[in-house]
Amino acid sequence: MPTLYQQFMQSMMPILPEAIVIIVGLTVLVFDFFIEKERKSLLGWYSLAGITIAAYASYTLMPMSGVFFGGTFHFDPFATFFNFVFYIACGLGILVSINYLEVEDIHRGEYYALMLFATSGMMFMASAGDLIILYLGLELMALSIYILAGFMRGSNRSNEAAIKYLILGAFSSGIMLYGMSLLYGLAGTTNLSGILAFLRVADLSNPVIFLAMIMLTVSFGFKVAAAPFHMWVPDVYEGAPTSVTAFMSAGPKVAGFAVLLRVFLYTFEPLREHSTAILAGLAVLTMAVGNVMALSQTNIKRMLAYSSIAHAGYALVGLAAGGPDGAASVMLYVLIYAFMNMGAFGVVIMLRKAGERGEEISDFAGLGKTNKTAAFLMLIFMFSLTGIPPLAGFIGKFYIFKSAVQAGLVWLAVAGVLFSAISAYFYLRVIMVMYMHEPKESIELSSAPSLALALAISVTAVIVIGVYPTDLLNYARASIAGIM
Amino acid sequence: MLELKLNQLDFPLLSLLIFLPVVGAFLLLFIKNAMAARWVALVVSIVELGLCVPLLLNFDSSTAHMQFGENMPWIAAWNINYCLGVDGISILFVALAALLTVISIMVSWTAIQDRVREFMIAMLFLEAAMVGVFVSLDLFLFYIFWEAMLIPMYLLIGIWGGPNRLYAAIKFFLYTLVGSVLMLIAIIAVYFAAGHTFDVLALMNYKFSHTFQMWAFAAFFVAFAVKVPMFPVHTWLPDANVEAPTAGSIILAGILIKMGAYGFLRFSLPFFPDAALAWTPAIMVLSVIAIIYGAYMAFAQTDFKKLIAYSSVSHMGFVTLGIFALNLQGLEGGILQMLNHGVSTGALFLAVGIIYERTHTRQIADYGGIAARVPVYATFLMIITFSSIGLPGTNGFIGEFTILLGAFLHYKPYAVIASLGIILGAGYMLWLYQRVAFGKITNAHNEYLADMNAREVVAALPLVILVFFIGLYPNAAFSVMHASVENLVQHVNAKMASAPAVTQMLSTVVGN
């Protein structure tokens, strides 16, 4: 007979990874008091260790599967897959931050705590079996990131970014809550499985069901930066500290897709016909806005902001395709995207030295001569973002378009490849500036072991996944089996 | 029905051909010294060329089956295999790619002074991708190499190119990419239509529905037509060829644009024979326009390299004309012409590169009368000019003659108009030679022009030998490709009566 304590611990096992992340975050806040300003990077490494332990916990718990806490929490391979993506986004995010915070002179312990809280929020989103948990996870993530976006208190741009993100984010949360309340009113439950059961028997001609679905689409479209809900992205990405932008472009976006996948491919399965049309339309619009607007940007952060919109568009193509392959393609895509985007932002951060912003694309001029390694890394990330084989970006896009063709959405796949051909222009411009323009003056790059490690991990992943995607692909496909 | 024959050698020769340059490129990462980088690249490319010898010697030309086969699962979930093999068509281009890479590296010896190591790395990666394109027997694998090639080529043009290189590089990249991505969708569609396979040999035997063939053929056609390049999507070639460094131009004109035509032979015709027949009239018209228009444009050029680029458009028009005649003569002539064009245009760009390194001008008007100063160079240029014109006894004659023979069998008016292209070709090439080599020296710097040095002669010699070897003994090339082409013709049009082998007809003409 297990003791009460043992029973309690047993029942808490499913949220062990989340608990580790939160506890590490809380202890960071405590340790922060005892660590002098010059040694704050210790907190970064401590947070990284915490993330690694959480990842290990997720790994050991992988055989476990089921629904816990009264149906509100799924512990399934799907959620675990996304948790790994969040660990990667958070871990790389911390690595690119350590030196950057030093340069910007904003090295405070709360930064790491907020990143960890945001990560735990994302993890709850991916695991949510209930609209309430979903919303709580989302707000935990969003609130942390509002603060992170405004972390450079002295900077107007950073403040503007935080305010803009907060107001628009609050607005989208409001729309989401409205949509959720409609669903609750119809189905009488906030449980995702319960709502599915309701939709299976419901009269689908009821317009309120569509209103609810559209409201959820709008609010998650906001989180993943899909057009036309993308207006906040360029300003927030540009204004926020670059390390936060890097984290933001990978973490919350991926979390948004985790929820979209679970809600649209599982709960809204009976509405498949209608949701496909909406998602396909969103995908085309998002790819168009992201790729076309990116063409004319001169600031690298704004360019990457529009690029991240475009990539949300590609992922939406996979979502519109649906089915196990569509879902797996989105999962593989967001994972690959996290690596290549983090890497690209990592190089941007290298250019940031005290006194110089290094955020204009023209600041990269001649990097191919002055710093061959940095330029070569950026070259790899840019070609990967374009989707040129044999790099990971190609594998990701290939799977997305393959799923679209399989689902009969050939036109959507054609639109996708054409937009991705357009994207070559602005990604290649960075390469052109680096290798084919003369350096303006000698550029000194900031480099730190942490940043070098983040870049090494990213570039290795981009090349290895590009050449040998088999295992990861199989893992993504196996992970989806739980919810489809 | 084609099959993949197991490798007749004990070791994976084709993989070695792909990965040797990659290994060489990685080696170069650790070499700082420019001269050492040149030597490493040269040695690697020569070893690569040496590896082509056992490939050609062990090749069994009596069969159309794929040889030196290697097949391993790569991405099992998508049924993608690392499947390699060569037949009588592709083996010729593997060898040509290896040869032209050696020549390109030799010609860059002193021409490239800036970032030598990076240049050589790009060249070796390019070589690996080129070989990969020709030996892949899995559509996905093929596409990987096909696209991967863009990266080093873009960098070659963009970093080491001429004054307008940025524009040329991006134009090259975007044109090819837009064409290719549509093919990617078609590749995916083919995969699903044929029951989840990228296996080229299986797809050759699969009978696609007529409607599907029409669409898929069109999508593949866009990709290959841009690469060839066919009129009206040829405009990237003059820009890219002019701005690229000499090595880039040689590879671009010698190998890259052959890949489009190779794509027709390897994929479009066997996969979609009905569509190929249906599209043939349109393609014939485009080919003839390319022949005449390219030649017409070549007349108007004042830039040495641009003239050659437009002549390439014209010559590649002959290639597509021959291929889409869809008979033995046309196809064999087309393939031989691809080979010839690789040799002669590669040599022409080599010639331009040699003289440009001395004078730093490509304007034809800046030359004149140099024959007296640089006799060896003038002789080399003359041989190549004759080859390009198609003078009997040189390789160009056999190719064009055979193509016209093939086209004449089925499409007489086109063959008649196309033969005008040969006359025009003789016109602009001889006029070019006259303006460059003869007349009075008008430009002072031509007075003290140095003749070809030993390195340049060594680079040029294999091409000169090939010009005469193929010209006098075309059977060497025809016999390698014959079985494969015959199989292709039968495959495309089973009803077509088996025509007598082109080599027999030729032997009466050439007196061989």
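So you know, we letter chains A, B, ... as the sequences are listed, proteins then strands, and number each from 1. Scope of the values below: all heavy atoms of this structure, side chains included, with no hydrogens, waters or symmetry mates.
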> Just wondering, do A/Ile395 and B/Trp78 contact through their side chains at under 4.5 Å, heavy atoms?
Replying inline: yes
>> Quick check on B/Ile144 against chain A: is it the side chain, the backbone, both or neither that has a heavy atom closer than 4.5 Å?
In response: both
>> Testing the basics here: between B/Ala77 and A/Arg477, what is the closest heavy-atom pair and its distance to 0.1 Å?
In response: CB-NE, 4.0 Å
> Can you say whether B/Leu184 sits under 4.5 Å from chain A via the side chain, the backbone, both, or neither, judging by heavy atoms?
Replying inline: side chain
>> Taking side chain as everything from C-beta outward and backbone as N, CA, C, O, which of these in A/Leu473 sits under 4.5 Å from a heavy atom of chain B? Side chain, backbone, both or neither.
In response: side chain
> Can A/Ile388 and B/Phe173 be said to form a side chain to side chain contact (heavy atoms under 4.5 Å, CB included), step by step?
Replying inline: CA-CA 11 Å; A/Ile388 304 292; B/Phe173 197 95; 3.7 Å; yes
> Does the side chain to side chain contact (heavy atoms under 4.5 Å, CB included) test come out yes or no for A/Lys402 and B/Phe192, once each step is laid out?
Replying inline: CA-CA 9 Å; A/Lys402 178 173 165 289; B/Phe192 286 115; 3.8 Å; yes
>> In terms of relative ring orientation, are B/Tyr154 and A/Phe383 parallel, tilted or perpendicular, with 30° and 60° separating the classes?
In response: perpendicular
> So do B/Leu182 and A/Leu418 actually touch side chain to side chain, heavy atoms under 4.5 Å?
Replying inline: yes
> Hey, which of B/Ala189, B/Ala169, B/Ala148 has the most heavy atom pairs under 4.5 Å with chain A?
Replying inline: B/Ala148
>> Show the nearest heavy-atom pair for residues A/Pro389 and B/Ile151, with the distance to one decimal.
In response: O-CD1, 4.0 Å
>> Is A/Val467 in contact with chain B via its backbone, its side chain, both, or neither, using a 4.5 Å heavy-atom distance?
In response: backbone
> Relative to chain B, which segment of A/Phe398 carries a heavy atom at a distance below 4.5 Å: side chain, backbone, both, or neither?
Replying inline: both
> Can you find a pair of side-chain heavy atoms, one from B/Val181 and one from A/Lys397, that are under 4.5 Å apart?
Replying inline: no
>> For B/Leu174, which atoms come within 4.5 Å of any heavy atom of chain A: side chain, backbone, both, or neither?
In response: side chain
>> Do B/Leu155 and A/Leu379 make a side-chain contact, defined as non-hydrogen atoms from C-beta onward lying under 4.5 Å apart?
In response: yes
> How far apart are the C-alpha atoms of B/Glu147 and A/Thr386, what are their side-chain angles, what is the distance that settles it, and do they pass the side chain to side chain contact (heavy atoms under 4.5 Å, CB included) test?
Replying inline: CA-CA 11 Å; B/Glu147 286 276 73; A/Thr386 315; over 6 Å; no
> Counting heavy-atom pairs under 4.5 Å to chain A, which of B/Leu150, B/Ile80, B/Ile187, B/Leu177 comes out on top?
Replying inline: B/Leu177
> Any idea which heavy atoms bring B/Gly158 and A/Met436 closest together, and the distance?
Replying inline: O-CG, 3.0 Å
>> Can you confirm whether or not the ring centre of B/Tyr143 sits under 6.0 Å from the ring centre of A/Phe394?
In response: yes
>> Tell me if the CZ atom of A/Phe376 is crowded by more than 12 foreign heavy atoms within 6.0 Å.
In response: no
> Just how far is it from atom CG of B/Asp114 to atom NZ of A/Lys369, taken to the nearest 0.5 Å?
Replying inline: 4.5 Å
> Can you find a heavy atom in the side chain of A/Gln406 that is under 4.5 Å from one in the side chain of B/His196?
Replying inline: yes
>> Does any backbone or side-chain atom of B/Tyr191 lie under 4.5 Å from a heavy atom of chain A? Answer side chain, backbone, both or neither.
In response: side chain
> Does the separation of the ring centres of A/Tyr468 and B/Trp74 fall below 6.0 angstrom?
Replying inline: no
> Of the non-hydrogen atoms in A/Val410 and B/Ile185, which two are nearest, and what is the gap between them?
Replying inline: CG1-CG2, 4.1 Å
